[in-house]
Q: 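Attaching a single structure in structure tokens format; questions to follow.
Source: prediction; values computed, not measured. Whatever order the structure lists ligands and atoms in, that order sets their numbers, starting from 1.
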Amino acid sequence: MNEIFLLKLGEIVLKGANKKMFENKLRTNVARRMRPFGDFKVSILQSTVYVEPENELCDLDGAWEACHTIFGAISLCRCRPCEKSEDAIFEAVVNYLGDDLAAARSFKVESKRSDKRFPLNSIQISQAIGGRLAEAYPDVPVDVHHPDYTVYVEVRDFAAYVHGPAEPGAGGLPTGVGGRAAVLLSGGIDSPVAGYMIAKRGVELEAIHFFSYPYTSELAKDKVLELARKMARYCGRMTVDVVGFTEIQEAIRDNCPEEYFTIIMRRFMMRIAERIARDHGCECLVTGENLGQVASQTMQAMAVTHAVVDMPVFHPLIGMDKEEIVTIARRIDTLETSILPYEDCCTVFTPKHPKTKPKLSEAEKIEQKLDVEALIQRAIENTELVKIRYQG
Ligand code: ATP
Ligand code: MG
């Protein structure tokens with residue numbers, strides 16, 4: 001076995017009595033995520049997940065890439081295991097990291113020894129290996145303060161491991177430890193990021209999309225499904241409930257004052273989302289709302305919108321700037337899909353002068369002209385369920 005991965009646990013290490021449960025969840029999640037890439041042994045020891053290929057057929061590069069999207073691990077090391085002796089460690093560094101080391105302007109060795117029976121302590125390991133490397137690579141000076149490249153040596157229970165700089169993991173908590181949430185997923189930039197952020201806290205996701213055919217096209221629906229697919233890389237499989245929203249939007253257009261169109265529409269979305277969420281065993285709703293971004297996202301508008309639901313509504317982007325949201329969207333690879341130019345149902349029948357400070361009593365009065373319950377029932381009956389699988 002030439003290479004293994006060590007995934008370092010993030011916040012889980014701070015957990016008290018529940019730590020085992022969090023670790024077990026992470027271990028089963030990692031094992032499941034490795035499955036498409038061959039036979040891997042996955043175990044947890046000393047706050048580290050060991051991912052070891054069992055044979056030569058494993059797709060190590062694919063597995064390594066997938067590790068970057070597993071919540072619960074904060075940093076990832078791709079390493080060469082070796083025997084626990086000074087000679088073997090030195091050989092492993094030369095063979096495994098030699099090219100990177102030779103190309104560096106300077107280096108240092110950093111060591112950790114969790115097996116206290118090993119005769120050298122961590123400083124002595126660094127000195128011994130660093131000294132031999134300095135001789136073997138005379139053109140690369142040692143610089144312990146600002147090294148261009150760091151060689152890491154870890155002497156653990158069953159073996160020693162050498163690796164270069166760790167890569168950042170996805171962070172957060174293992175999927176499945178935090179319950180289930182339903183994200184209202186439009187085709188925009190914000191809602192996929194909002195869903196991702198809640199999922200990062202260990203929450204399983206379902207998605208709900210409101211679709212106003214023919215005002216919004218099949219392409220708009222495909223775009224949302226593609227976004228869900230991209231989110232599934234991090235969040236795991238999910239179901240997208242595509243709710244037929246056309247009748248409701250037409251009813252609002254025909255019966256409500258224009259300045260209240262968006263608010264009333266959003267109140268319908270929340271009511272329907274709550275019912276679907278409960279059906280799927282979700283305990284909260286998630287939206288991409290962001291304070292002050294548009295007229296329907298003022299404090300007053302959000303209060304009127306959310307007054308119709310009886311479960312927590314989370315909006316993780318509420319205090320972020322657009323630029324910060326875009327940075328995350330780019331990192332999780334949803335941005336390019338989000339900016340494809342298909343209409344969302346929110347942009348159909350948009351009022352010229354939307355009310356930025358709507359009143360709850362006014363919204364309730366306006367809704368008396370509509371058969372709210374019947375409209376909701378028909379929309380829910382007119383829902384298509386699309387299953388999104390995790391794709392490595
Ligand atoms: P996004 O970029 O997520 O579309 P937005 O800034 O365009 O957000 P709005 O259109 O006001 O904001 O929508 C606010 C939130 O309502 C969205 O983030 C999303 O959670 C939800 N939402 C809007 N339109 C839809 C839709 N067609 N289907 C499902 N949810 C929607
Ligand atoms: Mg939108």
Q: Atoms of ligand 1 less than 4.0 Å from I208 heavy atoms?
A: 29 (C)
Q: Just heavy atoms, cut-off under 4.0 Å: does V183 contact ligand 1 by side chain, backbone, both, or neither?
A: neither
Q: Using distance alone, determine whether F210 and ligand 1 share an N or O pair under 3.5 Å.
A: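 Yes: some nitrogen or oxygen of F210 is under 3.5 Å from one in ligand 1.
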Q: Rounded to the nearest 0.5 Å, what's the gap from NZ on K221 to NE2 on H209? Could you check?
A: 8.5 Å
Q: For L335, which of V193, I325, V326 qualifies under side chain to side chain contact (heavy atoms under 4.5 Å, CB included)?
A: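 Of V193, I325, V326, side chain to side chain contact (heavy atoms under 4.5 Å, CB included) with L335 is met by V326 alone.
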Q: For ligand 1, which atoms, with element, lie under 4.0 Å from some heavy atom of S191?
A: 1 (P), 3 (O), 18 (O), 19 (C), 20 (O)
Q: Considering the heavy atoms of Q293, write down every atom of ligand 1 situated less than 4.0 Å from one of them.
A: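 So the answer, numbered in order with elements, is 5 (P), 6 (O).
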Q: What part of S296, side chain, backbone, both or neither, has a heavy atom within less than 4.0 angstrom of ligand 1?
A: side chain
Q: Quick one: do F107 and Y149 satisfy ring pair (Phe, Tyr, Trp, His ring centres under 6.0 Å)? Show the steps, please.
A: CA-CA 5 Å; F107 84 101; Y149 187 75; 8.4 Å; no
Q: Less than 4.0 Å is my threshold; does some heavy atom of R266 fall inside it relative to ligand 1?
A: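 It does; at least one heavy atom falls under 4.0 Å.
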Q: What I want to find out is whether K108 reaches E110 closely enough, with some N-O distance under 4.0 Å, to be called a salt bridge.
A: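 Yes, K108 and E110 are salt-bridged.
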Q: Examine G187 against ligand 1 and note whether any of their N/O atoms are separated by less than 3.5 Å.
A: no
Q: Taking both backbone and side-chain atoms of V286, is any N or O found less than 3.5 Å from an N or O belonging to ligand 1?
A: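 No; every N/O pair is 3.5 Å or more apart.
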Q: Under the side chain to side chain contact (heavy atoms under 4.5 Å, CB included) test against V304, which residue among S296, S361, P358 passes?
A: P358
Q: Using the rule given for side-chain hydrogen bond (donor to acceptor under 3.5 Å, both in side chains), can you reason through Y50 versus R156, listing the C-alpha separation, both sets of side-chain angles and the distance that settles it, and then say yes or no?
A: CA-CA 11 Å; Y50 289 65; R156 291 173 163 267; 3.0 Å; yes
Q: Under 6.0 Å between ring centres, would you say that holds for F245 and F211?
A: no
Q: Tell me the contacting part of T262 for ligand 1: side chain, backbone, both, or neither, using a 4.0 Å heavy-atom threshold, strictly below.
A: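 No part of T262 is near ligand 1 at this cut-off.
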Q: Which atoms of ligand 1 have any heavy atom of G188 under 4.0 Å away?
A: 1 (P), 2 (O), 4 (O)
Q: Apply ring pair (Phe, Tyr, Trp, His ring centres under 6.0 Å) to the pair F5 and Y161, showing each step before the final yes or no.
A: CA-CA 10 Å; F5 309 151; Y161 303 88; over 10 Å; no
Q: Taking NZ in K322 as the centre, count heavy atoms belonging to other residues, nucleotides or ligands within less than 6.0 Å. Is the count above 12?
A: yes
Q: Is there any N or O on T287 that sits under 3.5 Å from an N or O of ligand 1?
A: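 No; the residue has no nitrogen or oxygen that sits under 3.5 Å from a nitrogen or oxygen of the ligand.
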Q: Is any N or O atom of I189, backbone or side chain, closer than 3.5 Å to an N or O atom of ligand 1?
A: yes
Q: Answer yes or no: does an N/O atom from Q297 fall short of 3.5 Å to an N/O atom of ligand 1?
A: yes
Q: Only heavy atoms of G288, strictly under 4.0 Å: list the atoms of ligand 1 that pass.
A: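 Under 4.0 Å from G288, ligand 1 has these atoms: 17 (C), 18 (O), 20 (O).
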Q: Decide whether a cation-pi geometry holds between R113 and F118; the criteria are a distance under 6.0 Å from NZ or CZ to the six-membered ring centre and an angle within 45° of the ring axis.
A: no
